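Let me begin by handing over the structure; questions about it come next.
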Amino acid sequence: MNPLLTVEDLVVEFKISKAKFRTPDGVSFTVMENECVGFVGESGSGKSVTALAIMGLVPKPQGRILRGRIIFDGTDLLKVDEHPRGKKISMVFQNPLNSLNPNMKIGKQLTEVLEEHYGISHKQAIEKVVEIMKQLQIADPEEMVKRYPFEYSGGMRQRVMIAMAMLCEPKLLIADEPTTALDVTIQAQIIQLFKQLKSQSKTSILFISHDLSVISQIADRIIVMYAGKICEISPMKELFEKPLHPYTAGLISSIPDMKERKTRLKSIEGNVPSLIDPPSGCRFHPRCQQRMKKCVESEPPLFSIKGRQVKCWLYEGVED
Ligand SMILES: Nc1ncnc2c1ncn2[C@@H]1O[C@H](COP(=O)(O)OP(=O)(O)O)[C@@H](O)[C@H]1O
Ligand SMILES: [Mg+2]
């Protein structure tokens, strides 16, 4: 497998009135061809900003990319004249209503994408849209294309967004909390849909969620983020069998156990730190039960252990 996306030492800086902070703060990771990478971490850890940086959509003027490289399909996206968003890279957001035009019929919004990118006729575009809607299990697509976004349910709108993102057969699909706004049953259907996409298309997926139980249903590999930094990268199976980072272990133990619903949820004590004045050393140290003196004093590097990476002093000296 070849890398499709390589992010190297990416730093985004925000300036809000007099405050300055960085998130993501020096993250590096890859997404391979045909791979589904899960991106997890509590709200505010910098997942969405990382996704927006890849899309070339860091919110301006507050935010700017301070340094780093984003190599996609052989080119550095921070240096290209024309960003491949909407073509080779597409994105699905948490709230589909923000991305759909409320005044335009769904069919028209979808066919416009196709007519623009492929220069095909309206009739051909409609046929393709109906076909992809069928694949995404939107019932009665010939009728549904004539409706407006408000006539769709939340789950159906999210299906339309996925359809729209997949129309141009992107190499990379970034899904940022695509199920977070939906109720549990609809959430399960949308995850099912992503699984289907994963098995039927060659598109790589970067699937972002604050919810590790959602990620666990779809990802091949998982990146765990905390306060702007990556703390662990592991294949999914190993991550659950033996989480390396204490934060990952905390995230896993706060997933409700299906078999033992009655057991009380353990949450990680404490709060996500301020990014403006982050803790010294390891940013997780104030919440870490295995904290050592060193963790307060200096920031650990990412140690490599058997194809996994972990940013924690516990693994110093045991790395490959
Ligand atoms: N448009 C913005 N303007 C100002 N600050 C922002 C903006 N977007 C994100 N941030 C800051 O970056 C931090 C990380 O945000 P985000 O990437 O959205 O986190 P996540 O997706 O992991 O929940 C936020 O806590 C916020 O302070
Ligand atoms: Mg987010």
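Every number for a ligand or one of its atoms is a count from 1 in the order of the listing. Everything numeric here is computed off the predicted structure, so don't read it as measured data. Starting from 1, each residue takes its place in the sequence as its number.
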For Pro59, the atoms of ligand 1 under 4.0 Å from one of its heavy atoms are 1 (N), 2 (C)

Review point. Using heavy atoms and a threshold below 4.0 Å, how should the contact between Gln62 and ligand 1 be classified: side chain, backbone, both, or neither?
Key: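 Just the side chain.
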
Practice item. Using 2.8 Å as a strict upper limit, say whether an N, O or S atom of Gln94 approaches the Mg ion (ligand 2) that closely. Key: no

Out of Val49, Ile16, Thr50, the nearest non-hydrogen contact to atom 9 (C) of ligand 1 is supplied by Val49

Atom 6 (C) of ligand 1 [closest protein heavy-atom partner, distance rounded to 0.1 Å]:
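Among all protein heavy atoms, the one nearest atom 6 (C) of ligand 1 is Phe14 CE2, 3.6 Å.
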
Can you list the atoms of ligand 1 that are under 4.0 Å from a heavy atom of Phe21?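 With Phe21 as reference, the close atoms of ligand 1 come out as 11 (C), 12 (O), 27 (O).
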
- Report the C-alpha separation of Tyr152 and Met144 in whole Å, then their side-chain angles, then the decisive distance to 0.1 Å, and conclude whether the side-chain contact (heavy atoms from CB on, under 4.5 Å) test is met. CA-CA 9 Å; Tyr152 277 60; Met144 291 304 275; 3.2 Å; yes

If we number the atoms of ligand 1 from 1 as shown, the ones under 4.0 Å from a heavy atom of Ser43 are 23 (O)

shortest atom 14 (C) of ligand 1-to-protein heavy-atom contact is with Gly44 O, 3.6 Å

Please check if any side-chain donor atom of Ser304 sits under 3.5 Å from a side-chain acceptor atom of Asp320, or the reverse. no

### Short N or O distance, Gly46 and ligand 1, threshold 3.5 Å exclusive
yes

*Does the side-chain hydrogen bond (donor to acceptor under 3.5 Å, both in side chains) test come out yes or no for Ser121 and Gln124, once each step is laid out?*
CA-CA 5 Å; Ser121 73; Gln124 284 171 309; 3.2 Å; yes

| Does any N or O atom in Leu275 lie less than 3.5 angstrom from one in ligand 1, N or O only? | no

message: Do Arg221 and Ile233 have side chains that approach each other closer than 4.5 Å (heavy atoms only, starting at C-beta)?
response: yes

For this session: Output yes when the distance from some N or O of ligand 1 to some N or O of Ser45 is under 3.5 Å, and no in every other case.
Result: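 Such a contact does occur with ligand 1.
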
(request) Ignoring hydrogens and angles, tell me if any N or O in the side chain of Thr111 forms a donor-acceptor pair with the backbone of Ile126 under 3.5 Å. (result)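 A pair under 3.5 Å: no.
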
Tested for salt bridge (Lys or Arg N to Asp or Glu O under 4.0 Å) against Lys311, the lone hit among Glu232, Glu319, Glu316, Glu299 is Glu299

### Message
My understanding is that we take every heavy atom of each candidate and find the minimum distance to atom 18 (O) of ligand 1. Doing that for Ser48, Gly63, Ala53, which one comes out nearest?
### Response
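Nearest option to atom 18 (O) of ligand 1, by heavy atoms: Ser48.
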
| said: Within the structure provided, determine whether Arg287 and Val272 are in side-chain contact (heavy-atom separation under 4.5 Å). | reply: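 Yes, close enough: below the 4.5 Å cut-off.
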
Practice problem: Flag the pair Gln189 / Gln137 as yes when at least one side-chain heavy-atom distance between them is below 4.5 Å, and no otherwise. | Solution: no

Requested in this report: Tell me, with the steps shown, if Lys171 and Phe72 meet side-chain contact (heavy atoms from CB on, under 4.5 Å).
Outcome: CA-CA 10 Å; Lys171 291 194 169 194; Phe72 171 75; 4.0 Å; yes

query: Nearest to atom 13 (C) of ligand 1, what protein heavy atom do you find, and at what distance?
result: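 The closest one turns out to be Thr23 CG2, 3.6 Å.
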
